[in-house]
Each structure stands twice: as structure tokens, then as C-alpha cells.
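To find a chain, count down the sequence lines: A is the first, B the second, and so on, and within it residues start at 1. All heavy atoms count here, side chains included; hydrogens, waters and symmetry mates do not.
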Amino acid sequence: VGLGRTIDDDFLEELQSTLLSADVGALITTKLIAKLEDDWVGKKIDDNEQIINYLKQELHHTMGKNPPDIDFNQKKPHVILVVGVNGSGKTTTIGKLANSLVKDGKKVLLGASDTFRAAAAEQLEVWANRVGCQIVRQNEGAAPATVAYDAAEAALARDIDVLIIDTAGRLHNKKNLMLELEKVFNIINKKIPGAPHEVLMVIDACTGQNALNQVKTFKKDVKVTGIVATKLDGTAKGGVLLAIQRDLGVPIRYIGTGEGIEDFDKFDKNTFIDALFS
Amino acid sequence: TVAQGINNVLDKFKGRGTLNEENIQEGLREIRMALLEADVSYKVAKEFIKKVTEKAIGQEVIKNIRPGQQIVKIVNDELVELMGGDNQPINYNKKNATIIMMVGLQGAGKTTTTAKLAMKLRKEGRKPIMVAADLQRPAAVEQLKTLGRQLNIEVFTDESTPVRVCRRAVKYANENNFDTILFDTAGRLHIDDELMKELEKIKKKTSPDEILFVCDSMVGQDAVKSAQEFNNRLEFNGVILTKLDSDTRGGAALSIRGVTGKPIKFVGMGEKLDELEAFHPDRMTSRILG
Ligand SMILES: Nc1nc2c(ncn2[C@@H]2O[C@H](COP(=O)(O)OP(=O)(O)OP(=O)(O)O)[C@@H](O)[C@H]2O)c(=O)[nH]1
Ligand SMILES: Nc1nc2c(ncn2[C@@H]2O[C@H](COP(=O)(O)OP(=O)(O)OP(=O)(O)O)[C@@H](O)[C@H]2O)c(=O)[nH]1
Ligand SMILES: [Mg+2]
Ligand SMILES: [Mg+2]
């Protein structure tokens, strides 16, 4: 039987520091600590582990249930549009996703709709060669929507199971670039009714609170259906993912854990929450 | 904005008197919240608030100025001073070609910034050559070569190892009268010991005049970890903060400056090659304070 004591201020300070340093955000952290204080006022604890477990349960609960896995079989071709801000890891993620689908026996086609950035199509081509899948591309300067259209047309003609379209990185506050992305979305939708079936937004796990602005805008403009969090092999904990899944209602689907083709996993809520406190 | 928030809070303390710890506390809580929401590191924000408290306490409440405005002014001035020195130029080599080495995490904007910097230096009358030292990322060499073609600036390539590419580039540059050599290195994690050692080796073998840490301005609390480790390993000379054309508050600027003491020399304000600007601490301050 533990003698028990109330939570001490140093420990609360430490918890606050842990959560803030993990990019959970000031507002969520304040609310969590306030709820913790309310729920445990006057109560005795035997060791701090109890509090950590309580918080983990809270976070588990607020992140909600994950929706069922993406079903790549329900439509043919299943079309995935990949979007996000500059340098987040979109092109690399596409290579990894394509690889896992090819290993599952799917016929995959990539669309190099980033016609702006230097050597963007060349970069995607390297991945297509590594994976052993087809790619549709044009020369730099072609309209992104045109490549998307060509890729959609090829997917229909070549009996493709999954079409993944790479787009140029863009900042969500650039209206003209978001309009360009909407054009890509719309042209895919016209060519293949119901498509894109998945709009995956790729987010760098190091991103701070700006990630929420990013997701809000991309969700509004091109109906983001899922998140891929990359570079979780670094020291960043990706705390912003909490608010993204909880407040913005966009499920975290996959994570990137390195630059190699196999460094790709389904998002696991438990692993993520545990890591926030490690 | 932070300024409005603080003014509302401190308007409760109208009238004469001195600013004391008690009446400043609420205002500072507001400021600390704003800094955290702006992605300033938790520790750096804490230290900063301490400094501001010391500066503010005991100050006479200036008549006709609301206490809130006074606090905001102290915060503003303190931030500008902290991030100060807005004209920190590149350390040019007086005898030989100036060697500039670009380093940083994956996707920060090193390759693009290398080209931007080369373009800027050429405008200043220099003769730069860019070095494709990223032999790892798919089509990285191709990316730099494409940018070189767009700018009509030569790109040195070699198929060996990043260290050898850099050494051979220096030899080539000196034999061909280039006065500025820019190494574009592969993005890497600060915790990847082998790749960090590779950067240390490039530094040891080529003695760069300037090592620039290229960092994405949208980064959160992790900024201090990566910046600190890159600085511990390489003792970089300065920072280039990229993607400031986003709507990020950019608190990383304060964090990085706070933990490394190194100056921010340039900021990336877009994807185009002419979108590299000098760093202005007053502009950064009003941005962080939102
Ligand atoms: N360590 C690590 N690096 C990654 C991960 N995912 C991508 N990267 C690296 O991040 C950098 C940027 O990746 P890209 O795939 O080019 O990113 P992007 O979003 O397509 O970039 P833009 O098209 O320019 O907007 C590359 O160096 C990748 O190798 C990851 O999970 N971990
Ligand atoms: N909006 C904006 N985009 C930028 C800026 N600087 C770079 N970028 C973009 O960010 C993305 C990544 O840039 P890169 O130059 O490939 O980054 P990197 O650090 O060389 O990436 P790795 O070599 O993979 O580590 C590209 O899409 C660039 O166009 C900037 O200041 N503003
Ligand atoms: Mg890309
Ligand atoms: Mg690069």
C-alpha cells in the first residue's frame, strides 16, 4: 500500500515542458494540464507513472478511433493525389507507397504532375525505376493539370490498379498555387468520376503549429482525406498530429521513417503517444 | 495580436505607479503563450520572459502610455536586440577562392538556396561555381545542374564521394579562376552520426570560409535540437531561414539564435532564384509577435 502524495509542481512543470517540446501546442497542453489538475485534485498518487498513464489514456481518447484502412481494391483505378508544402517528402513517400503496393501485387502508375521544380520528374522517375512501376511525365513547363489528365487516361487504358499523382510543393497561403492544385483535382475528377479517391497530405514531423494552418487550407481547397507524417526517424515527435487528427478530423494514415524505400509504416496511435513522453 | 492582448490585460492597471512583478505577470503570461504559439522553443521563451521581467520591474509607469504598451515596447526591443546584427555579411577569403558550405536537414531548401546565393553573389560582381556534393538523393545532381543552366552558372560534378567532389571542386575552381565555391550537400539528420562525420570531414579537408545552416522557418520545437547539434559538430557561421513567404510566425528564428548565438544572415522568401533577402531582426520580431 503506497503512502501516496499529491502531484508536485515540479512534475507538472516537467510534463508541461515535455508536451510543449513535442509540438503538442500551447492550447492543448494548457487544457490537458488543467484537466489533470481537476481530476487529481486532492487525490493521492503512488508514483508519477500513474499520471503519465492517465495522460496517455486522455490522448488516446481525444485522438479517437482510426477509420478503417484504405481499401485499394474498391475502385479501379484507385486514384491517390499527393499534396503538401515544399520539401515535406511527397515524392519520396510516393516511391515508398508505390513499392508497398507493387509488393502486394498491384499494378501501379505514377503521374509526375510537378512540372515546376527543377528535376522533379527525373526524381520521380528514379523511384519508378526502383519500384518497377510505370510513370507518365512531360517536360518541365507543361501544365500540371495536363499531366494529371494524361496519367488518368493512361491509368484507364492500361488496366492500372492504383494511380498516384505527385504534385509540386506549395505554400497554402499562395492563392494562385492552391487554385492550380484545385485545377489538378478537378481534371482528375472529370476524367475519372469519384477520383481522386484519396488525397494524402504529406507533412514533415518537424513542422510546428503552422501545420494546422496548412491542413486547414489544403482540406478546404482539395478535400484532404489523410496525412502522411515524414521524417519521424529524426528527433521531432510530431505533436501537431494530435490536433490535426482531433480538431481537424483528418486521420494520420502513414509515417515516413527514413529515406529508404522500406522506411514506411502505417500510423500507430500507441507508438505515437508513447513517443511523446519518451 | 499579442500587443492587443497585453494591452487589454494591463489596461486594468491604469494610472501612475511602477511596474511590479505582480502587475506584469498576466501580461507576460500572454506574451509567453504567444511565443509558444509562434513555435519559439519552450526553454528559450522561458529565458526570454525572465529577461523581460527583469527589465520591466521597477520601471516607472510613464504617464500617457498604457503599461501594456510599455511592456510591449520592452518585449519588442529585447527581441530585436536578441536577434540583432542584421548586416552580417559572408566571410570572404582575402587570398583564395571563398568556400561556402550549405548544410541542414532534409528538404530545408539547401539546393534552391545554393543557387539563389550564387545568383546574388554574381550580381555583386563575383564569379561563383556551384558544387553538386549530394550524391545520395535521387536526381539531386540533376536538380543543381538544371538550376545552373537557368542561371548560366557552372556546376561542378564528380562521381566519387561527397568529400572527394568537394576537394576536386576546389582544385578545379582555383585552376579556372572562380572566386566563390558553393557546396550543396545532402540533407541529413543531426542524429545520423555517419553523415554528420561526413560533413566534419568535408570541413576538415576544404576549410570553408563560411558554413551556413539552412533551416525551414516552419519548423517547431525541434529547431533547437538540430541547430544545436549542427553547431556543436561544425561550428557554423550563420543561418539561412527558408520559406518565410509562408504564414508561419517563425519562432524558430529566436530559438536557433537563442541556443547557438549564431546570426541569421539571409531569408528565403520564395521558390524563385531571386527570392533571397537579407535578414531584418525588426521584421522578424513583428512577425513572431504576430
Ligand atoms: N530522414 C527522412 N528523410 C525523408 C523522409 N521522407 C523524405 N525525406 C527526405 O526529405 C527530402 C525531401 O523529400 P522530397 O520527396 O523531395 O520532398 P517533396 O515534398 O517531394 O519536395 P518538393 O517536391 O520540392 O516540395 C529528401 O531528401 C528525402 O530523402 C523520411 O521519412 N525521413
Ligand atoms: N516557398 C518557398 N519554397 C522554397 C524556399 N526555398 C526552397 N523552397 C522549396 O522547398 C523545396 C525543397 O527545396 P530543396 O532546395 O530541394 O531542399 P534541400 O534542402 O536541398 O533538400 P534535400 O537536398 O533533399 O535535403 C523545393 O520545393 C523548393 O522549391 C523558399 O524560400 N520559399
Ligand atoms: Mg516532390
Ligand atoms: Mg538538396
Check whether more than 12 heavy atoms from other residues, nucleotides or ligands sit under 6.0 Å from atom [atom1] of [X], and answer yes or no.
| X | atom1 | result |
| --- | --- | --- |
| B:R283 | CZ | no |
| A:K174 | NZ | yes |
| A:K269 | NZ | yes |
| B:D193 | CG | yes |

Query raised in the report: Can you tell which of B:L36, B:D222, B:V219 has the highest number of heavy-atom pairs within less than 4.5 Å of chain A?
Result: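 Option with the top pair count is B:D222.
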
Report task. Heavy atoms only, distances under 4.5 angstrom: which of B:A115, B:G107, B:P138, B:A139 has the most pairs with chain A? Name it, please. Result ->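 Among the listed options, the one with the most contacts to chain A is B:P138.
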
To the nearest 0.5 Å, what is the distance between [atom1] on [X] and [atom2] on [Y]?
| X | Y | atom1 | atom2 | result |
| --- | --- | --- | --- | --- |
| B:K243 | A:N210 | NZ | CG | 11.0 Å |
| B:Y42 | A:S21 | OH | OG | 7.5 Å |
| B:K225 | A:T235 | NZ | OG1 | 5.0 Å |

Write down the atom of [X], the atom of [Y], and the distance for their closest heavy-atom approach.
| X | Y | answer |
| --- | --- | --- |
| A:D204 | B:Q106 | OD2-O, 4.5 Å |
| A:T30 | B:M33 | OG1-CE, 3.6 Å |
| A:A118 | B:L147 | CB-CD2, 3.9 Å |
| B:G187 | A:E259 | O-OE2, 4.0 Å |
| A:H172 | B:D247 | NE2-OD1, 2.8 Å |
| B:L105 | A:C206 | CD1-SG, 4.5 Å |

Report task. Spell out, as yes or no, whether a donor-acceptor pair under 3.5 Å connects the side chain of A:N213 to the backbone of B:T248. Result ->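 No, because the side chain of A:N213 does not come within donor-acceptor range (under 3.5 Å) of the backbone of B:T248.
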
Region of [X] in contact with chain A, defined by heavy-atom distances below 4.5 Å:
| X | result |
| --- | --- |
| B:K145 | neither |
| B:R149 | neither |
| B:D245 | both |

Pick from [options]: which one has the most heavy-atom pairs with chain B under 4.5 Å?
| options | result |
| --- | --- |
| A:R170, A:E140, A:K231, A:Q214 | A:K231 |
| A:V126, A:T92, A:N173, A:L27 | A:N173 |
| A:N86, A:T207, A:L124 | A:N86 |

Requested in this report: Test A:Q123 against every option in B:R137, B:E142, B:Q143 by the side-chain contact (heavy atoms from CB on, under 4.5 Å) rule and name the one that passes.
Outcome: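 It is B:R137; the other options fail the test.
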
Query raised in the report: Of the backbone (N, CA, C, O) and the side chain (C-beta and beyond), which part of A:V85 lies under 4.5 Å from a heavy atom of chain B, both, or neither?
Result: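 Only the side chain of A:V85 comes within 4.5 Å of chain B.
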
Query - Which atoms of A:E125 approach chain B - backbone, side chain, both or neither, heavy atom under 4.5 Å - result: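 Neither part, no heavy atoms under 4.5 Å.
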
